[in-house]
Enquirer: 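Okay, here's the structure, questions in a sec.
Below, all heavy atoms of this structure are taken into account, side chains as well, without hydrogens, waters or symmetry copies. Order of the sequence lines sets the chain letters (A, B, ...), proteins ahead of strands, with each chain counted from 1.
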Amino acid sequence: MINSIKIDEKEDTPKVIFDPSNNFFEISGRSLPEDAILFYEPILAWLNKYSYNPNILTELNIKLNYFNTASSKLILDILMILEEMVDNNKQCIIKWYFEEDDEDMEEAGEEYSDLIDVPFELIKY
Amino acid sequence: MKKKLIHDVFHEYISEFYQKRSIMEIKLIYEGEVTHKITKAFTASVENKMTNEGESSLLKRKVFHIIVESLQNISKHAQSIIHTKDDFNGMGSFLIAKSKKDYYIVAGNPIHKDEKQEIIKLIDNINSLNKQDLSALHKEQMKEGKLSSKGGAGLGLIEIARKSGKALSYSFKKLSDEVEFFILTTQIPSI
């Protein structure tokens, strides 16, 4: 099994935990990195590698309270890897959390769920 | 010399803007290089101020979004003029102001003149769309658009328009034969 990814949250980058041995996948916090591609590239590379031999069910929890447009495209790239996994008969689910009064994050979740074909749950907290 | 020119052009614009929009308070004004550090400092400072003034979290989030995307636009455009013979590199102007009811964010930066028509086309199109169409355009651009390390694909402008809910206003002033100063003004109603 491949090693896990653990990135601590900073003021401008999210916490990322991709931990297959505990079957836990989460992106949370804020995302406005100085260079979005630089930040997300290793995460995408990891996920690509993982996607060849994933767990029986991959549940990705996304609990962001802010992301900039440069991050939005890369978040879509992450979700598209899950879509590919689903196309290859792997089980995935995306759980998109948004704060009760946060219409922006709710709408963002709705848009992503329109864009990709993966079981998608929008969860208010 | 170049700095002075940009300063004059920006101040000419904002003094008219103050009158036209009945600006009562300047929250922040900045002229200089726009870096990631600057973005972080501005957003933190404005967030604190708005919290102290008891503004709603919805409004704070809108202002936060628009500051980030406006500043990102400035630094993105800065790359397009690197190869012009005039040295307008890395210069941007930024203002946050408030009228009785609305917040305003004004961002100015030099662009290559070849970009002007494209920007006008993009903003006019965004301004012609309603909420649903903007959401559709946003999705389309996310899926099809090209991204550089600084963002791109017009996503920033689409987001600014969506968050503000108002038409974007823009203005161009000539700086040299090759370079224009592009000023984007966003109005954010405080509801």
Enquirer: Is the ring pair A:Y50/A:F25 parallel, tilted or perpendicular, if the boundaries are 30 and 60 degrees?
Expert: tilted

Enquirer: Please state whether the side chain, the backbone, both or neither of B:K37 comes within less than 4.5 Å of a heavy atom of chain A.
Expert: neither

Enquirer: Which atoms of A:F67 are under 4.5 Å from chain B, going by heavy atoms: the side chain, the backbone, both sets, or neither?
Expert: backbone

Enquirer: Examine whether an atom of A:D12 lies under 4.5 Å from a heavy atom of chain B, and if so say whether it belongs to the side chain, the backbone or both; otherwise answer neither.
Expert: side chain

Enquirer: Check each atom of B:S57 against the heavy atoms of chain A and say whether the ones under 4.5 Å are side chain, backbone, both or neither.
Expert: side chain

Enquirer: Is A:L76 close to chain B through its backbone or its side chain, or both, or neither, when contacts mean heavy atoms under 4.5 Å?
Expert: side chain

Enquirer: With a 4.5 angstrom heavy-atom cut-off, could you sort out which part of A:E107 is near chain B: side chain, backbone, both or neither?
Expert: side chain

Enquirer: Does the side chain of A:N68 come under 3.5 Å of the side chain of B:E69 through a donor N or O and an acceptor N or O?
Expert: no

Enquirer: Cut-off 3.5 Å, side chains only: do B:T186 and B:K166 have a donor facing an acceptor?
Expert: no

Enquirer: Report which part of B:K40 has an atom under 4.5 Å of a heavy atom belonging to chain A: side chain, backbone, both, or neither.
Expert: side chain

Enquirer: As a quick check of understanding, evaluate salt bridge (charged side-chain N to carboxylate O under 4.0 Å, His left out) for A:R30 and B:E47, giving each step before the final call.
Expert: CA-CA 14 Å; A:R30 268 183 179 184; B:E47 250 188 337; 2.9 Å; yes

Enquirer: Honestly, is A:K63 close enough over A:Y125, meaning NZ or CZ under 6.0 Å from the six-membered ring centre and within 45° of the axis?
Expert: yes

Enquirer: So if I apply the side chain to side chain contact (heavy atoms under 4.5 Å, CB included) rule between B:F42 and each of B:V68, B:L71, B:V34, which one comes out positive?
Expert: B:L71

Enquirer: Looking at A:E100, I'd like to know if its CD atom is crowded, meaning that more than 12 non-hydrogen atoms belonging to other residues, nucleotides or ligands lie closer than 6.0 Å.
Expert: no

Enquirer: So which part of A:E111 gets closer than 4.5 Å to some heavy atom of chain B, the side chain, the backbone, both or neither?
Expert: both

Enquirer: So what's closer than 4.5 Å to chain B heavy atoms on A:D114: side chain, backbone, both or neither?
Expert: side chain

Enquirer: Only pairs of heavy atoms separated by less than 4.5 Å count here; which of A:D101, A:I116, A:N65, A:D102 has the most with chain B?
Expert: A:D102

